[in-house]
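Okay, so here's the structure we're looking at.
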Amino acid sequence: MRAITLTEYQTLEKAEAQVLDDEDQSKRLGAECFDQLLEKLTGNVNNALEQRFFKVIPSKTTRGFAIQANNYVGFYKISDRSALEILPKVYSETDLSLEEQRRLLLKMLAAIYHLNVTNIENVNLGQMANVPLLEIFITLFLNQVEYLCNRGLRADYQDIEENEPFLRGRLLIKDNLRLNMFNHARFYCKYQIFSENRPENRLLLSALLKVSALSSSQENIRLSAKLLPNFSQVAESTNFYHDMQQWQRGPEMAAYQQLESWCQLLLNCHPTLSSGELSANSIMFPMERLFEAYVQATFKRTFNVDAHRVFDNSELTNTTTYLASWQNNERPLDENCDVFVLKPDILVKNEEQTVMILDAKWKLLDENERRLNIKESDVYQMLAYAYAFKPISGNLCLIFPKFERFQQPVMFKFNNSADQPEYRVRVIPFDLATDEFIGITDWRELVALDH
C-alpha cells in the first residue's frame, strides 16, 4: 500500500498513470484512486465523512480538479493500493521533519487518551520515517493486546434468556406460557453462563478486526491473525458507545486499563473528540477539538495552585450553565426553558467561585492586523462567559497556536461603566512543539484576586 503524507490544507494532484509505485513520494494520487476519492466527494451518494475530511478545488497544474485536505488529522484508507496520512500543520522555529510531526501528534494523542507515554517515547521514529502514523498506533495496540492474551481474557457471569429444549436455570412462567403454550418441548428460561463475551472483549475484537483490515505491515497483519483466535468466544461489538459505557475498572481489570484508551482512539468513540459517525477505513480527528483537548490536558499538568480546581468542558456536564431561558411560555412544548449552553474549555474554581476562564481556538492569528484576525464571535463568546460565570479575578484567556505572525501575548479589556466589574481577556500563543504558554511564567498571576 502506498501512503501519502500530507499536512492540513495540503493539496493532492492527479497523476497521469493509473497506479503509482509505492516508493513514489510525490503528493500525487494514481488516476484510479484519485477518481475513486473524487467520486465520493462529488457523486450523488452522500459521503458525509469524506466531505468533512476533504474538499475539491480547481487544480493549479492541470485543467481538472485537485483534492485538498481539511483540518482533520489521522489516517484515511482510499483502497488497498493507496492511503493518506494527514499531520497537523504546526509552526516551529525550525522546520519539523515528518518524524517530528508524527511524534508531535503521538504526544498529543497520548496526553488526551492517557496512553502509556513510555511506550510511545520508546518508538524509534527515526527508523520509521516512511511508516504511516497508523502503523505506529497498530504496533503499540497489538503489543498491549498480546500482553493481555498471554495473561488471559477476563470472563464474567452473564444473564441469558432463551427458549431452550430443556429446563435450565429458572423458568420464566409468564413468558413460557406466552411462547410455548402449544409447544411443550420448549422452556423459556433465564440462566447464567461464565463467558468471555463481555463489553471490554467485544470492543477489543472490533478494534482488532479494524486494524487488521487497515494495516499494510505484514508483521502487524501476522500478529493480529495470531491474536484473533483468543477471541473465539467473543462477538463483535454492535454499539461501541454502549459497550464503552459498560467498561469495568478495578484491580481485577488492571491489564485492560491502557486498552480502554486504545479502543477509544482506534474505534473513534472518544466522548469529546468523535463526531458520532464511525468509519471502518479511517482514524481521523478534528484538529480544533484535538487542540482544545490537548490545551486542557497541558494546562491541568502545568497549573498547580493549592485550593484551586481545574475543570475541562467534559467535566461540566453535571453543572450545565445556560445563557438564557424562554419566558412567558413562548415554548410550551419544551419542559426545559433554558437555552444556549455555555461550556468553556477550562474553568478554574476556588471552592464555589469561578476564578478564571480559558478557551482554546485552532486558528492562525496575525499581529500585523488591527484585530489580529480574532473573530467577533470569539469575543462575544468570552463576553458571554464573563456575564454568566463572573470570574472574581476578572481574567479570561483565549489560547491560539503559536504562529510566525503571532508569537507574543496581548490583552484587551471590555468597555464597561464604573459600576460594572472589569474583565480582561489575555490572548496567549501556545507552542505545540514545547508545550509552552508563551509569556505566562506563573499562572498564579492570572488567578490573583488583587487587580
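Index from 1, following the sequence. Atoms considered below: every heavy atom in the structure, side chains included; atoms not considered: hydrogens, waters and symmetry mates.
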For residues 213-233, pull every pair meeting salt bridge (charged side-chain N to carboxylate O under 4.0 Å, His left out), keeping only residues two or more places apart or in separate chains.
-> Glu146-Lys226

When you measure from the side chain of Asp359 to the backbone N and O of Asp345, does any donor-acceptor pair fall under 3.5 Å?
-> yes

Note: Asn70 and Gln51 closest approach over all heavy atoms is ND2-O, 3.9 Å

Should Phe54 and Leu12 be marked as a side-chain contact (heavy atoms from CB on, under 4.5 Å) after you check the CA-CA gap, both sets of side-chain angles, and the distance that decides it?
-> CA-CA 10 Å; Phe54 310 101; Leu12 276 171; 5.5 Å; no

Side chains of Phe137 and Leu214: closer than 4.5 Å at any heavy-atom pair?
-> no

For Phe430 and Phe437, run ring-ring contact (aromatic ring centres under 6.0 Å, His included): C-alpha distance rounded to whole Å, both residues' side-chain angles, the deciding distance at 0.1 Å, then the answer.
-> CA-CA 5 Å; Phe430 178 74; Phe437 294 90; 4.8 Å; yes

With sequence neighbours excluded, give me every ring pair (Phe, Tyr, Trp, His ring centres under 6.0 Å) pair touching residues 154-200.
-> Tyr157-Phe194

Over all heavy atoms of both residues, which pair between Ile57 and Gln68 is shortest? Give the atoms and the distance, please.
-> CD1-CB, 4.0 Å

Answer yes or no: is there a donor N or O on one side and an acceptor on the other, between the side chain of Ser282 and the main chain of Met284, under 3.5 Å?
-> no

Check for a donor-acceptor pair, side chain of Ser224 on one end and backbone N or O of Leu208 on the other, with a separation under 3.5 Å.
-> no

Any donor and acceptor pair, going by atom type alone, linking the side chain of Thr298 with main-chain N or O of Asp435 inside 3.5 Å?
-> no

Those residues at least two apart in sequence (or on a different chain) that pass salt bridge (Lys or Arg N to Asp or Glu O under 4.0 Å) with Arg151 are none

Donor-acceptor contact present, side-chain Asn201 to main-chain Asn197, <3.5 Å = no

Classify the ring geometry between Trp362 and Phe291 as parallel (under 30°), tilted (30 to 60°) or perpendicular (over 60°).
-> tilted

Less than 4.5 Å apart, any side-chain heavy atom of Ser215 and any of Glu135?
-> yes

Can you name the closest pair of heavy atoms from Ala207 and Cys263 and give their distance?
-> CB-SG, 4.4 Å

Using a 4.5 Å cut-off on heavy atoms from C-beta on, say whether the side chain of Leu259 contacts that of Phe141.
-> yes

Would one find more than 12 heavy atoms of other residues, nucleotides or ligands at under 6.0 Å from atom CD of Gln257?
-> no

Spell out, as yes or no, whether a donor-acceptor pair under 3.5 Å connects the side chain of Lys349 to the backbone of Met356.
-> no

Pair Val145-Leu223, side-chain contact (heavy atoms from CB on, under 4.5 Å): steps then yes or no = CA-CA 10 Å; Val145 176; Leu223 182 53; over 6 Å; no

Rounded distance (nearest 0.5 Å) linking atom CZ of Phe299 with atom OH of Tyr294 = 14.5 Å

Does the side-chain contact (heavy atoms from CB on, under 4.5 Å) test come out yes or no for Tyr423 and Ile357, once each step is laid out?
-> CA-CA 11 Å; Tyr423 293 114; Ile357 296 169; over 6 Å; no

Value for CG (Leu396) from CD1 (Ile346), rounded to nearest 0.5 Å, stands at 12.5 Å

Can Gln248 and Asp156 be said to form a side-chain contact (heavy atoms from CB on, under 4.5 Å), step by step?
-> CA-CA 11 Å; Gln248 294 186 14; Asp156 200 4; 4.0 Å; yes

Can you tell me if OH on Tyr9 sees more than 12 non-hydrogen neighbours from other groups inside 6.0 Å?
-> yes

Across all chains, not counting sequence neighbours, the salt bridge (Lys or Arg N to Asp or Glu O under 4.0 Å) partners of Glu252 are none

State which residues pass salt bridge (Lys or Arg N to Asp or Glu O under 4.0 Å) with Asp378; sequence neighbours excluded, sorted by chain then number.
-> Lys361, Lys363

Are the side chain of Ser206 and the backbone N or O of Ser237 linked by a donor-acceptor pair below 3.5 Å?
-> yes

So with a 6.0 Å cut-off around CZ of Arg170, is the heavy-atom count from everything else above 12?
-> no

Atom CD1 of Ile160 and atom CD of Gln192: how far apart are they, to the nearest 0.5 Å?
-> 9.5 Å

Is there side-chain contact between Leu87 and Arg102, with at least one heavy-atom pair below 4.5 Å?
-> yes

Cation-pi check, Lys402 onto Phe400 ring (under 6.0 Å, within 45° of axis) = no

So, do Val425 and Leu383 sit near enough that their side-chain heavy atoms are less than 4.5 Å apart?
-> no

Tell me, do Pro286 and Asn71 make a side-chain contact under 4.5 Å, heavy atoms counted?
-> no

Report yes if some heavy atom in the side chain of Val73 is under 4.5 Å from a heavy atom in the side chain of Glu8; otherwise report no.
-> yes

Compare every heavy atom of Phe34 with every heavy atom of Ala66, then report the nearest pair and how far apart it is.
-> CA-CZ, 4.0 Å

Heavy-atom distance under 4.5 Å between the side chains of Leu105 and Leu290, does that happen here?
-> yes

Taking atom types as modelled and ignoring hydrogens, do the side chains of Gln245 and Tyr241 form a donor-acceptor contact shorter than 3.5 angstrom?
-> no

Decide if atom NZ of Lys390 counts as having more than 12 heavy atoms of other residues, nucleotides or ligands within a radius under 6.0 Å.
-> yes

Give a yes or no on this: more than 12 heavy atoms of other residues, nucleotides or ligands lie within 6.0 Å of atom CD of Gln246.
-> yes

Taking all non-hydrogen atoms of both residues, which atom of Leu104 and which atom of Leu432 are closest, and how far apart?
-> CD1-O, 3.3 Å

Look only at the side chain of Lys89 and the backbone of Gln10, and say whether a donor-acceptor pair between them is shorter than 3.5 Å.
-> no

Within 6.0 Å of CD1 in Ile173, more than 12 heavy atoms from elsewhere | no

For Glu50 and Tyr76, does a side-chain donor sit closer than 3.5 Å to a side-chain acceptor?
-> yes

NE2-CD distance between His114 and Gln258, expressed to the nearest 0.5 angstrom | 10.0 Å

So, the side chain of Ser82 versus the backbone of Ser79: is there a donor-acceptor pair under 3.5 Å, distance only?
-> no

Inter- and intrachain pairs under salt bridge (charged side-chain N to carboxylate O under 4.0 Å, His left out), touching residues 183-203, at least two apart = Arg198-Glu200, Arg202-Asp243

So, the side chain of Gln36 versus the backbone of Ile78: is there a donor-acceptor pair under 3.5 Å, distance only?
-> yes

Drop me the distance from Glu164's CD to Asn180's CG, to the nearest 0.5 angstrom.
-> 11.0 Å

In Å and rounded to the nearest 0.5 Å, what is the CD1 to CG distance from Ile67 to Leu41?
-> 5.5 Å

For Ile86 and Ala69, the nearest pair of non-hydrogen atoms, with its separation, is CD1-CB, 4.0 Å

